[in-house]
Amino acid sequence: VQLQAFGGGLVQAGDSLKLSCAVSVSTFTDYAVGWFRQAPGKEREFVAAITWSGSSTYAEDSAKGRFAISRDNARNTVWLQVYNLKPEDTAVYYCATYFDPSPTVAPSPDHYSHVMVYWGKGTQVTVSS
């Protein structure tokens, strides 16, 4: 399983950005995918995740309407749309995945923070004020 995140860059506060995660795997619909980020000097944190069927979970902060996760199973791709970017959103954004063909656990942020197995290299997002 391989993942590649792209779409980051240098943007201004208030801009929007759509990050993409391409997942190389034989049966994409067997995998849940999540987005995480790591700001300088901080621990990596969960942002959002989505099951194979499109059920999404957001971290408390990102649930405030500025983040939207989506996926296209035919294209093995997951997106993270970020609206109204703020300087504190500056971070390396990673996508990750794990085998979860039939979710039996209610997907919580804490659950997703501990189950990811495969990680991409990340894409840098820098927000200037």
Side-chain angles (χ1 to χ4, degrees):
V1 180
Q2 293 183 327
L3 302 95
Q4 183 175 0
F6 52 95
L10 175 62
V11 298
Q12 293 186 339
D15 286 351
S16 298
L17 199 62
K18 191 171 187 178
L19 305 180
S20 301
C21 176
V23 183
S24 298
V25 66
S26 57
T27 309
F28 185 53
T29 50
D30 283 341
Y31 290 79
V33 179
W35 283 96
F36 297 74
R37 67 182 183 181
Q38 187 167 20
K42 295 187 177 181
E43 294 186 354
R44 187 171 59 198
E45 63 178 0
F46 170 78
V47 176
I50 190 166
T51 65
W52 71 269
S53 61
S55 177
S56 57
T57 299
Y58 295 92
E60 181 178 348
D61 287 343
S62 58
K64 295 180 181 178
R66 297 198 302 116
F67 293 78
I69 190 170
S70 59
R71 68 187 286 163
D72 184 336
N73 289 333
R75 298 170 62 182
N76 282 32
T77 301
V78 174
W79 296 276
L80 181 70
Q81 177 76 56
V82 188
Y83 303 96
N84 188 24
L85 280 153
K86 302 178 180 182
E88 51 264 40
D89 293 322
T90 294
V92 177
Y93 284 72
Y94 299 89
C95 57
T97 189
Y98 74 108
F99 184 73
D100 190 24
S102 302
T104 58
V105 177
S108 70
D110 185 66
H111 170 79
Y112 283 120
S113 295
H114 293 88
V115 296
M116 297 298 171
V117 175
Y118 306 98
W119 293 81
K121 289 186 178 181
T123 184
Q124 175 72 47
V125 174
T126 303
V127 185
S128 63
S129 58

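Given the structure is predicted, the values throughout are model-derived calculations rather than measurements.
For the pair Tyr58 (side chain) and Ile69 (backbone), a donor-acceptor distance under 3.5 Å is present. Counting only distance, with no hydrogens or angles, the side chain of Ser128 and the backbone of Pro87 share no donor-acceptor pair below 3.5 Å. No donor-acceptor distance shorter than 3.5 angstrom exists from the side chain of Asn76 to the backbone of Ala22, with no hydrogens or angles considered.
For CH2 of Trp79, the number of neighbouring non-hydrogen atoms (other residues, nucleotides, ligands) closer than 6.0 Å is greater than 12. In this structure, Tyr118 places its OH atom where only 12 or fewer heavy-atom neighbours from other residues, nucleotides or ligands lie under 6.0 Å away. Remark: Glu88 CD is packed, more than 12 non-hydrogen atoms of other residues, nucleotides or ligands lying under 6.0 Å away.
Side-chain atoms of Ser53 and Thr51 form a donor-acceptor pair, as typed in the model, at a separation below 3.5 Å.
For the pair Tyr94 and Met116, the minimum side-chain heavy-atom distance is 4.5 Å or more. The shortest side-chain heavy-atom distance between Thr97 and Val1 falls under the 4.5 Å cut-off. Looking only at side-chain heavy atoms (C-beta outward), Val125 and Val127 come within less than 4.5 Å of each other. Between Ile50 and Trp35 there is no side-chain heavy-atom pair separated by less than 4.5 Å. When side chains are defined from C-beta on, Leu85 does not count as touching Gln12, because their heavy atoms never get closer than 4.5 Å.
Separation of atoms NZ (Lys121) and SG (Cys95) is listed at 12.5 Å; rounding is to 0.5 Å. Between the OG1 atom in Thr77 and the CG atom in Leu3 there is a gap of 10.5 Å [rounded to 0.5 Å]. From Tyr112, atom OH reaches atom CG of Asp100 across 6.5 Å, with rounding to the nearest 0.5 Å. Taken to the nearest 0.5 Å, the NZ atom of Lys86 stands 13.5 Å off from the OG atom of Ser129. For the atom pair CG (Leu17) and OG1 (Thr123), the distance works out to 8.0 Å, reported to the nearest 0.5 Å. In this structure, CD in Gln124 is found 7.0 Å from OG1 in Thr90, a value given to the nearest 0.5 Å.
Residues Phe46 and Thr57 come closest through the heavy atom pair CZ-O, 3.7 Å. The two atoms that bring Tyr83 and Gly65 nearest to each other are CD1-O, 4.2 Å, heavy atoms only. Across every non-hydrogen atom of His111 and Pro107, the tightest pair is CD2-CA, 4.5 Å. Among all heavy-atom pairs drawn from Leu19 and Gly8, the shortest one is CD2-N, 3.6 Å.
Note on residues 9-28: no pairs pass ring-ring contact (aromatic ring centres under 6.0 Å, His included), not counting sequence neighbours.
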- Task: Apply side-chain contact (heavy atoms from CB on, under 4.5 Å) to Val117 and Tyr31, showing your working.
- Result: CA-CA 11 Å; Val117 175; Tyr31 290 79; over 6 Å; no

Chi angles and distances behind the side-chain hydrogen bond (donor to acceptor under 3.5 Å, both in side chains) call for Tyr93, Arg37:
CA-CA 4 Å; Tyr93 284 72; Arg37 67 182 183 181; 2.9 Å; yes

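Linking Ile, Leu, Val, Met, Phe, Trp and Tyr whenever their side-chain heavy atoms come within less than 4.5 Å puts Val82 and Val11 in one cluster. When hydrophobic clusters are built by joining Ile, Leu, Val, Met, Phe, Trp and Tyr residues whose side-chain heavy atoms come closer than 4.5 Å, directly or via intermediates, Val115 is not grouped with Trp52. A continuous path of Ile, Leu, Val, Met, Phe, Trp and Tyr side chains, each step under 4.5 Å between heavy atoms, connects Tyr98 with Phe36, placing both in one hydrophobic cluster.
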